[in-house]
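Have a look at the structure below before the remarks.
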Amino acid sequence: MPEFMYMKESITDYAGIMAKTIREWGEKEVLPSRKEYDEDYEHKLIYPAMKKLFVDMGLQKLVWPKEYGGAGIEPMALPTTLVRALEEVGKADPGMGFVFAGTFSLFTSIALEPHVNRELCTEFAPIYCESGEVRTGSLIFPEQGYLVGKEVANIKGRSIRVRAEPGDNEWVVNGEELRPVNSGAMADIFGVVCATDSGEIAYVLIPSNLEGVKRGDPILKTGLASDKNANVSLENVKIPDKYVVWRGEDAKYIGELVSWHTLCCCAICVGAMMDTYKTLKEWSTTRIIRGKPLKENPVDAIVLADVAEEIALSRILTYNLANTLSKSEIYGDRWSDEVSTLAEMIGMYVANAASKVIGRAMELMASMGYAREGDIEKHWRDVKTIQSSMGGSMPVLMDIARLFYECETL
Amino acid sequence: MPEFMYMKESITDYAGIMAKTIREWGEKEVLPSRKEYDEDYEHKLIYPAMKKLFVDMGLQKLVWPKEYGGAGIEPMALPTTLVRALEEVGKADPGMGFVFAGTFSLFTSIALEPHVNRELCTEFAPIYCESGEVRTGSLIFPEQGYLVGKEVANIKGRSIRVRAEPGDNEWVVNGEELRPVNSGAMADIFGVVCATDSGEIAYVLIPSNLEGVKRGDPILKTGLASDKNANVSLENVKIPDKYVVWRGEDAKYIGELVSWHTLCCCAICVGAMMDTYKTLKEWSTTRIIRGKPLKENPVDAIVLADVAEEIALSRILTYNLANTLSKSEIYGDRWSDEVSTLAEMIGMYVANAASKVIGRAMELMASMGYAREGDIEKHWRDVKTIQSSMGGSMPVLMDIARLFYECETL
Amino acid sequence: MVSIDDFARQKEYISPMDGQYGPIMRDITDNEIIPNRGKFDEDWLDHKYVEPIMKDILVDKGSLQKALFPTDYGGLSFNYLEYRPAALLARIFEEVGRGDTAIAVATGVTLWPLTLIGVEPLIRMDLLEEFAPIYCETEEPMFGMMAMTEPQGGSDIENVDHVRGRTIKTVARLEGDEWVINGHKLWPTNSGGATKGVMAVICTTKSGSLDPNDFAVIYVPAKTKGVRQGAPYKKAGMAADKNSDIWFEDVRVPKEYRAWSPGLDAEYFRSIGSWGCFGSIGFAAGELCDTCQILDQHFSDRIYRGRPMKEFDAVASVLADIAVDAQMARWALYEVAHTLDRPDLYGNSWSPAVEARIRGTKLWVVDTAVRDTEKALDLLGRYGYDRAWALEKHWRDEKIIQLWLGGRQLNQMIVARWFYKCETL
Amino acid sequence: MVSIDDFARQKEYISPMDGQYGPIMRDITDNEIIPNRGKFDEDWLDHKYVEPIMKDILVDKGSLQKALFPTDYGGLSFNYLEYRPAALLARIFEEVGRGDTAIAVATGVTLWPLTLIGVEPLIRMDLLEEFAPIYCETEEPMFGMMAMTEPQGGSDIENVDHVRGRTIKTVARLEGDEWVINGHKLWPTNSGGATKGVMAVICTTKSGSLDPNDFAVIYVPAKTKGVRQGAPYKKAGMAADKNSDIWFEDVRVPKEYRAWSPGLDAEYFRSIGSWGCFGSIGFAAGELCDTCQILDQHFSDRIYRGRPMKEFDAVASVLADIAVDAQMARWALYEVAHTLDRPDLYGNSWSPAVEARIRGTKLWVVDTAVRDTEKALDLLGRYGYDRAWALEKHWRDEKIIQLWLGGRQLNQMIVARWFYKCETL
């Protein structure tokens, strides 16, 4: 099987082994049943597979330092390890990858240098490292424009609708009908971008069992059946000061969550594309059209080529982003506008490419393209849902313009 | 000025210095007169600038080993050095970059390990390293389909129309109305892919002063005024055996010419885009539309962002290709299908991006977009001409399908 | 709020019955389809929500299953070009399509097989008389079906010029005065048990033959012995349309049920492509208008910097591009309808020129709808994937419209063949 | 070989004069423009090749500069809607446009300023009588001009709803019975010394005013004292059209030369957008048909594996997509023409609905033409940049059509404003 090249210099042996293990997990635990995931409303099929991945294979320990029971991956190696792992998860089921992406990114805020928060690691790491159950986190990011409530503050053209009032030793947090990035209906902890009346921006952690945390019904979605999302309302939720991870000057670190989350999404999309490629290659070899294998018809070959081209470029770009995140000394801080915007650019490209090429693959598989049985339409819906969840391209375009043209009023 | 990131790990100090020198050359020797290049049919303005670049600054020595009077760049550093240099040339004048790209790529066939040809280096290197004049080379590659003559053999769906007959100590070469990649009207030496009646494919060098080499009138082109191209006919041209650089099994190396040439074209296109970005940024800052700077209008900012996005991704991909060419031990031989197809994929993306974003930049500059005076329409025509010269995307798509789907009859 | 009426259509082309049927279909769409369409995905097997709507369209309110039968036989007599049947269907398809394209296709396909024998100049009055009771003397919706696709090489069937029927494995054998049909078809709209009306089955009278005389279109009432429809497939969208396998085992129908005759069946069969693509254009054009409306609603309600977000000019520019496409699509729809309504001006529906133009238009309109629903989803950000906004449903459905009827590639080949006189494609 | 005639147009919309003028324009295009267009790029300053062709179009063979003057004044009387002037112009623009869009625009812009006073229902018979001798009593081509764009904020002028004339710096002052005009315009087609007929100059009667009553369209014969045209600019394409700066220094014309009146000038001015975009659609639609023809020729001649390369199905698929677009563009062209010819059905040319639809259509057709010429170039490989194949010229020219008249963004805003009722764009 020809390979989609990627920057191999920085891949560790550990990452290679992990990828192989996940691939085997996918083939054994996911592939036999994934055609039924969409109707698996109770997660009877999904949960056991996710548990194997998150708990038994330890994916939910990945972000945490060794001293708190985590995997303790060397920071330099973390981005590429993450990418190799999530490619494989994405091949099997983008939904589980997406749950992981949110959870992982959320905790980079307290688990990674230079902003390791020892107090919170001590408190939260055990939940993820010692539990025998799947534990997830849900990100609540500001959005461009809003349908309910009102804006408390504004960050890069996105409205923050979560109001945080600092008090004595605790903060009170309010927010109405918030749409999390992921996992709103299942998360154990929320990572929330909020603002005070005076316009100070903060990032806080909110355990879902606190009083006043209300979740709506699970949202009916295009795809990502493995991720249950729901709108979340925060009604006078009281959190201790220590859960305010970043505020004031430190709010700059929020950019890092974007960088990590986008890297994860890219890797998942690349995985979904690679699995589609595999299915398509098989189909185009065995399907006979006009007397020859489909792939030998040039008019179809141009579509096949388009699929391969986008996968190849997406993979290169994704590894490049990983490389950028692993070498701050060369490329700048992971939370800087330069790096987080680079991440967004690559994220926009890769998510778009995934949605596009899986759609093109469907073109060649005709009715087997849109039948569940053909085994690619789920990827198509899943990556489209990831793309939407990332917030759409408009706010990214504004960020790009802001950075490269030094726009001041966008 | 914000920077378009690229893989910096592999850039040498030498490359940095060279880039700076070329940038200064561009600003001094090219910018003041480039608006008149299109009507400079006699190259009265172009030649002196090109001479400074090729001869005085030594660009035409770049490919050659030190022992033959060349620059003797370490092979590992050659690709990135080339890219940095050609980005800067591309900013100033893609046409001169394109002449260089053809010349450089042509001689990689005899100047680079593992296929250094000492006899031919000894013969040809001095022409380029010791001359006080601009010396160029022109590539004659097979094309997909043909308008005149007939096919002698076929390589990856491209027709070879140059017939080579091996004789005693010399070969006789014939070809009718061939369309070179570059510089047909000015080259000192042609690098020609040809085939024998028995279907053996060869790559030969043909000095332009040999009897039977006929050049047509310079082709009226969309852009690239600095490159004079012309159709070339070869009528019973006799060349000594030693000019047959590759034949039989060695014909596989032809892929390497594609890899190098594409890398060069990518770098030139990135340079042209970066120069466009600079002009556009200035324009969008000073032009007032609806009462504010153009760049502060979101509807225009999405176009600005699109331009920046494509430049950023193109630059990353180009450096990635350079990295691939510099590390054969990791990524495979530069002439392999895997590497040359990767080059083509990236080349297709970058050339397309360049044509697209310069076109988009024109959208925002309205009539100054298409007026010579606005200083971007030349880049737009130049990169489009490069894109065409690379042969169009159809044969590349077929190569991609062939590699990734193992098609056998395309 | 922008509505379908804001997009111009060619007033001189409109059917004289437009004023009567337009409002009926609009009522069904606005009051039955749109309020319920969010539930169709889970309703894919039972059609608990879908069936009552189809009954209103085909029987109670619209009576559309009677459309192509003469009034003498209890029908509506839309057979005649003076009534501009295509322009009327255009109106029906776009109205229903903006609600749900699957309901629109279930409606359209009920009439589709009959276009070959029930619209001027292709009228087989004897067959209309024969089949009229099935559709006109019932209170039940009687879906129809075109049984074309086969397990291997799906669109090869429609690729008449190139494949010339060679790959058809459903064989019709003449025994005395009866055709005996054996074969296996896949995917027709209104299969999965839905069709109770008449199906048109594409057969060969001689397996593997390249002779157009062996290409046969034979009508089979759904209740005929030996016809078996499988269970519906699960698919990416279009839950209101059921698709399944369908088997024909020693199915016997009278000799007269062949549409026309050896040679003519193959020749007229192109009109199935023309009518099928025309329908697809209608569904998509309606959906595009609805996409504009949903976007208008979303971005009127969504606030950005104190104003409705549609006033944010970057968003407005995307909305504008989609509105332009919707206008182009609506014009194209009525142009194609007029082409079918005026064979005297533009040629017959089975002429290669007409088929090429209509297939080309389908290619454009549906590709555009796919792309525009993608853009629309992207614009909605985290509401894009949310089924509550219905845009993602349009996106899933349009993709299916893009793939059926041979998909993009077959249409491209048919266009190239006619416009560029390609001879070997 | 595919030709423009293979793309359908709406037969019921065609002008009664189509049969007379179509062949004349086709003859000029096929025998004068196409054989010479390869030389236009070097002819940008002298117009040695261009001028004789323009003379044939405007005077000797086509007499088009007389089109909008009544026969009583020596003209052709195309003022009346019963002659379907827009449908006739559509034919002329597409025929000439497939040869050279710059010649087409030079032709169109000669009539453009007159559409505001010379096509029903906007008829100023007194001004037509006044200007008729300039165009009808001469053997010289008398180019006309719309002087709109100003040095800063070009398309702001046309952005009437938003900018409301505020940025117009060309001031018309009423002195007794005369307007005195001072200002500086850029870029009009037929400038650079070409215009010898009449120019319409967009002025304000009060600098910086937002009052639509101050927006004035005033006609100025080119020979009037104080009018000065600069030297032509060098540009990326469209060498057969000259553009330059133009200065107005104390230019005096009679009071009656104002098109209509305070308020009405601003209101009717939208029709300039409608007509201008209609012309652009015509040029581009013609060009798209020619692109198909060039591609057919190239890939019929180009051999691949022993067959014409158009039989290579991957190439055919691209050719097909472009043919589909050309068909869509031609339909759109005649639809827009009919919209202008039938204000009774679709509204006046200056109504926001009509302007929005036509600007939207221009956006689509020209964007499509740009993209398709790009695809075509790509397909030609090393012949793509070769001026001998003319495709690259079409590519350069289409880009310019895309950018003029406010470019993509202004059209998007005008479309969004009308379809989505945006209020602040």
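Order of the sequence lines fixes the chain letters, A, B, ..., with proteins taken first and strands second; residue numbering starts at 1 for each chain. Bear in mind the structure is a predicted one, so any value in this text is a computation, not a measurement.
For B:L410, the part lying under 4.5 angstrom from a heavy atom of chain D is the backbone only. Proximity to chain D (any heavy atom under 4.5 Å) is shown, for B:N297, by neither the backbone nor the side chain. For B:K35, the part sitting under 4.5 Å from any heavy atom of chain D is the backbone (N, CA, C, O) and nothing else. In this structure, the portion of B:L364 lying under 4.5 Å from any heavy atom of chain D is its side chain and not its backbone. Proximity to chain B (any heavy atom under 4.5 Å) is restricted, for D:L379, to the side chain, taken from C-beta onward. For B:M398, the part lying under 4.5 angstrom from a heavy atom of chain D is the side chain only. Contacts between B:D38 and chain D at a heavy-atom distance below 4.5 Å are absent for every atom of the residue. Residue contact with chain B, scored on non-hydrogen atoms closer than 4.5 Å, is absent for D:M238. At a 4.5 Å heavy-atom cutoff, the contact between D:R396 and chain B is made by backbone and side-chain atoms alike. Contacts of B:L220 with chain D are made by both backbone and side-chain atoms, with heavy-atom separations under 4.5 Å.
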Chi angles and distances behind the side-chain contact (heavy atoms from CB on, under 4.5 Å) call for B:E363, D:K399: CA-CA 9 Å; B:E363 278 178 28; D:K399 191 75 195 170; 4.3 Å; yes

Go through the steps to decide whether D:E42 and B:Y41 satisfy the test side-chain contact (heavy atoms from CB on, under 4.5 Å), and finish with yes or no. CA-CA 11 Å; D:E42 283 72 26; B:Y41 306 110; 3.7 Å; yes

Give the C-alpha distance, both sets of side-chain angles, the deciding distance and a yes or no for side-chain contact (heavy atoms from CB on, under 4.5 Å) between B:K221 and D:R387. CA-CA 5 Å; B:K221 303 196 305 302; D:R387 280 177 41 199; 6.0 Å; no

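For B:Y370 and D:W404, the gap between ring centers reaches or exceeds 6.0 Å.
Using a 4.5 Å heavy-atom threshold, the side chains of B:N229 and D:Y385 count as touching. Side chains of D:Q412 and B:V299 form a contact here, defined as non-hydrogen atoms less than 4.5 Å apart. Looking at heavy atoms from C-beta onward, D:K234 lies in side-chain contact with B:E39 at the 4.5 angstrom threshold. Considering only heavy atoms from C-beta on, D:Q409 comes within 4.5 Å of B:V303 through its side chain. Using a 4.5 Å cut-off on side-chain heavy atoms (C-beta onward), D:D386 and B:R179 make contact.
Heavy-atom pairs under 4.5 Å with chain B were tallied for D:F299, D:F312, D:Y233; the largest tally goes to D:F312. Contact count against chain B (heavy-atom pairs under 4.5 Å) is highest for D:R305 among D:R305, D:Q402, D:R166. Taking B:G392, B:A366, B:P180, B:A351 one by one and counting their heavy-atom pairs under 4.5 Å with chain D, the maximum is reached by B:G392. For chain D, the option among B:Q387, B:K384, B:M394 with the highest count of heavy-atom pairs below 4.5 Å is B:K384. Interface check for chain D: of the options B:S159, B:A371, B:P395, B:G374, the most heavy-atom pairs under 4.5 Å are formed by B:A371.
The structure places CE of B:M368 at 7.5 Å from CH2 of D:W187, a figure rounded to the nearest 0.5 Å. Atom OG of B:S388 is separated from atom CH2 of D:W389 by 14.0 Å, given to the nearest 0.5 angstrom. B:S367 OG to D:L403 CG: the interatomic distance, rounded to the nearest 0.5 Å, is 8.5 Å.
At distances below 3.5 Å, at least one donor-acceptor pair connects side-chain atoms of D:R382 with backbone N or O atoms of B:S389. A donor-acceptor pair is defined here as one N or O able to donate and one able to accept, closer than 3.5 Å; no such pair exists between the side chain of D:D301 and the backbone of B:L147. A donor-acceptor pair under 3.5 Å links the side-chain atoms of D:R302 to the main chain of B:Q144, judged by distance alone.
Residues D:A236 and B:W380 approach most closely at CB-CZ3, 4.0 Å, considering heavy atoms.
Within a 6.0 Å sphere centred on CG of D:D46, other residues, nucleotides and ligands contribute more than 12 heavy atoms.
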